[in-house]
There are 2 protein chains.
Amino acid sequence: MENRAIPLHRRIRAAIEDKILSGGWPPGTRIPAETELAATYNCARMTVNKALTELAADGLIERRRKSGSVVKRPVLQSAVLEIHDIKAEVEAAGFAYRYRVERQKVREATRADCDRLQLDAPVPVLALTCLHLADNRPFCWEDRVISLSAVPQAQDASFDHQSPGAWLIDEVPWSAAEHRISAVAADASLSALELTPSTPCLAIERRTWNADKPVTHVRLIYPGDAHALVARFAPSKAG
Amino acid sequence: MENRAIPLHRRIRAAIEDKILSGGWPPGTRIPAETELAATYNCARMTVNKALTELAADGLIERRRKSGSVVKRPVLQSAVLEIHDIKAEVEAAGFAYRYRVERQKVREATRADCDRLQLDAPVPVLALTCLHLADNRPFCWEDRVISLSAVPQAQDASFDHQSPGAWLIDEVPWSAAEHRISAVAADASLSALELTPSTPCLAIERRTWNADKPVTHVRLIYPGDAHALVARFAPSKAG
DNA sequence: ATGTTTGTTATGTATAGACATAATGAACAG
DNA sequence: CTGTTCATTATGTCTATACATAACAAACAT
């Protein structure tokens with residue numbers, strides 16, 4: 001009477017993962033060969049292969065021809081970071097979300113804009129600053145440049161009903177992104193956040209590309225005491 | 001004359017990924033059925049299946065029986081965060097790494113320790129504070145508690161030649177972790193970092209479990225101007 | 001109109017077999 | 001002793017096939 005609900009390759013995967021996570025198979029342990037595991041679970045080698053392929057993709061094992069698969073040393077440095085959409089984040093906390101576009105200006109890219117977008121030559125850009133509020137209290141300050149060469153339709157877009165970030169996700173289909181997280185002190189440029197000067201803040205910079213073209217660069221500033229980023233690394237959840 | 005070096009299922013995957021990332025197939029687009037793709041690439045359905053399974057695991061497509069696979073809306077919030085090992089991080093930047101254990105004490109868990117380890121009942125813990133240096137200049141302050149119930153051998157461990165973090169990775173085979181990143185102001189407890197008071201700092205807290213037992217909680221404090229975390233999200237790299 | 005049954009379709013899982021490829025180690029030749 | 005060759009082995013990829021399952025849609029009954 002086996003559990004028919006869970007597919008076999010997942011059960012095999014879970015069994016091996018359990019051995020590794022419980023310490024039964026410490027790093028360096030040589031995992032039984034695919035054919036041996038297939039015999040153990042009374043199934044085809046391909047089924048075991050699928051399980052091992054997933055474990056390798058998650059970084060729990062390392063596979064080598066001939067010598068077989070071995071348990072890898074843990075690499076704690078890789079974690080899935082969840083950077084939520086600001087609106088969703090505020091509403092998840094049970095607050096009313098609002099935002100206000102403070103400045104919206106089309107200009108030829110300055111030197112600083114080129115650095116932010118990692119552009120060599122100046123192109124027209126849309127520069128935006130924006131204040132996000134939770135229950136009418138300042139929550140996050142946004143400073144953004146959008147390349148009008150990559151997203152020309154941004155020039156005539158209205159951000160009355162949709163924040164620039166949400167608009168871009170709808171407008172630019174899929175993209176690669178790079179995040180940079182650092183700590184900064186509140187200064188005059190962040191007066192909209194109504195903080196005591198030199199309050200520590202979390203600065204999240206996000207650079208986005210689409211088909212290798214720079215799309216946008218945002219700088220989000222959160223008051224440090226009011227916000228934290230949470231990242232989880234749990235091998236069993238991945239895949 | 002096909003490229004024989006790259007397996008077919010990867011080429012199929014790359015081709016579809018390219019369509020999605022370039023905007024050719026915007027979110028919501030219905031992807032050709034597995035059998036159609038198999039006909040296109042003149043291969044078995046299983047090969048296409050493998051490619052689509054990987055794309056689904058990376059979150060680029062969503063698969064539904066009967067209706068077929070569709071391109072998902074991008075989810076920028078998920079990114080792989082690289083939290084490097086401090087020694088590797090310092091040495092990668094070309095500095096000489098050193099560390100100094102400032103305090104090392106075994107005690108019954110205090111109320112605060114229980115909160116940090118998410119324990120209900122107090123157990124013996126090892127409390128450590130540690131200063132990490134790059135070229136003999138303070139680089140990072142570490143404040144750690146280790147549950148001696150989960151890792152009894154920590155009681156007699158020497159951290160002369162290996163930092164507590166590195167020792168734990170060797171000692172505790174595999175684990176799940178949770179990271180919390182926030183901004184704090186430097187205060188008296190961080191005097192070892194030799195910072196001007198109220199300098200913004202990046203605080204990284206990491207909680208680690210092994211087989212559902214709390215193992216350790218670290219608080220790492222980096223001077224904010226000297227450090228940043230970088231996370232990347234590029235679908236083509238994953239898997 | 002509303003609910004149920006039934007068929008169709010596309011994906012999900014699994015098998016068995018085939019050949020490719022990389023790594024290891026043993027036998028061999030210099 | 002050293003370098004080469006070659007057989008062995010375990011994984012990597014791919015095929016062809018089979019049946020399961022979820023979802024939708026059309027036909028049917030109430």
Side-chain angles (χ1 to χ4, degrees), chain A residues 1-17 19-20 25 27-72 236-239, chain B residues 1-17 19-20 25 27-72 236-239:
Chain A
M1 202 68 88
E2 295 165 55
N3 184 354
R4 292 255 161 234
I6 302 165
L8 183 51
H9 75 266
R10 279 192 190 284
R11 293 205 303 268
I12 296 173
R13 190 194 145 167
I16 297 171
E17 203 170 79
K19 287 271 191 197
I20 296 173
W25 288 352
T29 304
R30 201 176 151 286
I31 283 183
E34 294 186 355
T35 47
E36 288 176 59
L37 287 167
T40 305
Y41 292 98
N42 194 32
C43 68
R45 182 174 73 96
M46 275 301 293
T47 308
V48 171
N49 185 293
K50 185 161 192 175
L52 294 188
T53 301
E54 285 176 24
L55 285 171
D58 283 353
L60 270 93
I61 65 171
E62 192 172 331
R63 311 180 77 184
R64 265 178 265 127
R65 292 177 200 236
K66 166 71 181 173
S67 36
S69 304
V70 293
V71 179
K72 280 226 291 200
S236 29
K237 306 301 185 301
Chain B
M1 203 68 88
E2 295 167 53
N3 183 354
R4 291 259 162 231
I6 301 165
L8 182 53
H9 74 265
R10 279 191 190 284
R11 294 206 302 268
I12 296 173
R13 191 193 146 167
I16 297 171
E17 205 169 77
K19 287 270 192 196
I20 295 172
W25 287 352
T29 304
R30 203 176 150 288
I31 282 183
E34 294 186 357
T35 47
E36 289 175 58
L37 287 167
T40 304
Y41 292 99
N42 195 33
C43 69
R45 183 172 74 95
M46 276 300 295
T47 308
V48 171
N49 186 293
K50 184 161 191 176
L52 293 188
T53 301
E54 286 175 24
L55 285 171
D58 283 353
L60 270 94
I61 65 171
E62 191 173 330
R63 310 180 77 185
R64 266 180 265 127
R65 292 176 201 235
K66 164 71 179 175
S67 37
S69 304
V70 293
V71 178
K72 278 226 292 201
S236 27
K237 306 301 184 303

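In what follows, chains carry the letters A, B, and so on, assigned in the order in which the sequence lines appear, proteins first and then strands, with residues in each chain numbered from 1. Because the structure is a prediction, the values reported are computed rather than measured.
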*Asks:* Would you mind listing every salt bridge (charged side-chain N to carboxylate O under 4.0 Å, His left out) that reaches into residues 34-43 of chain B, with sequence neighbours excluded?
*Replies:*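 Pairs touching residues 34-43 of chain B that pass the test: B/Glu34-B/Arg45, B/Glu34-B/Arg63.
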*Asks:* May I have the distance from A/Ile6 (atom CD1) to D/dT21 (atom P), rounded to whole angstrom?
*Replies:*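 After rounding, the reported distance stands at 14 Å.
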*Asks:* Kindly give the heavy-atom pair with the smallest separation between A/Leu55 and A/Ile16, and that separation in Å.
*Replies:* CD1-CG2, 3.6 Å
*Asks:* Between D/dA23 atom P and B/Glu62 atom CD, what is the distance in whole Å?
*Replies:* 11 Å
*Asks:* What is the distance, to the nearest angstrom, from the CG atom on A/Asn42 to the C1' atom on C/dA14?
*Replies:* 12 Å
*Asks:* Can you sort out the partners of B/Thr29 under side-chain contact (heavy atoms from CB on, under 4.5 Å), two or more places apart, ordered by chain and number?
*Replies:* B/Trp25, B/Pro26, B/Val71
*Asks:* Using every non-hydrogen atom in the two residues, find where B/Cys43 and B/Ile12 come nearest and quote the distance to one decimal.
*Replies:*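 Residues B/Cys43 and B/Ile12, closest heavy atoms: SG-CD1, 4.0 Å.
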*Asks:* Let me know the distance between OH of B/Tyr41 and P of D/dT15, rounded to the nearest Å.
*Replies:*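 To the nearest whole Å, that distance equals 14 Å.
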*Asks:* A/Thr40: what forms a side-chain contact (heavy atoms from CB on, under 4.5 Å) with it, not counting sequence neighbours?
*Replies:* none
*Asks:* What are the atom names and distances for every N/O pair under 3.5 Å that joins the protein to nucleotides 7-12 of chain D?
*Replies:*
residue, atom, partner, partner atom, Å
D/dA10, O4', A/Lys66, O, 3.3
D/dT11, OP2, A/Glu34, N, 2.9
D/dG12, OP2, A/Arg63, NE, 3.2
D/dG12, OP2, A/Arg63, NH1, 2.7
D/dG12, OP2, A/Arg63, NH2, 2.8
D/dG12, O4', A/Arg65, NH2, 3.1
D/dG12, O6, A/Arg45, NH2, 3.0

*Asks:* Among all residues two or more places apart in sequence or in another chain, which pass the side-chain contact (heavy atoms from CB on, under 4.5 Å) test with A/Arg65?
*Replies:*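 Here no residue qualifies.
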*Asks:* Closer than 4.0 Å, any side-chain N/O of A/Thr47 to the OP1 or OP2 of C/dT15?
*Replies:* yes
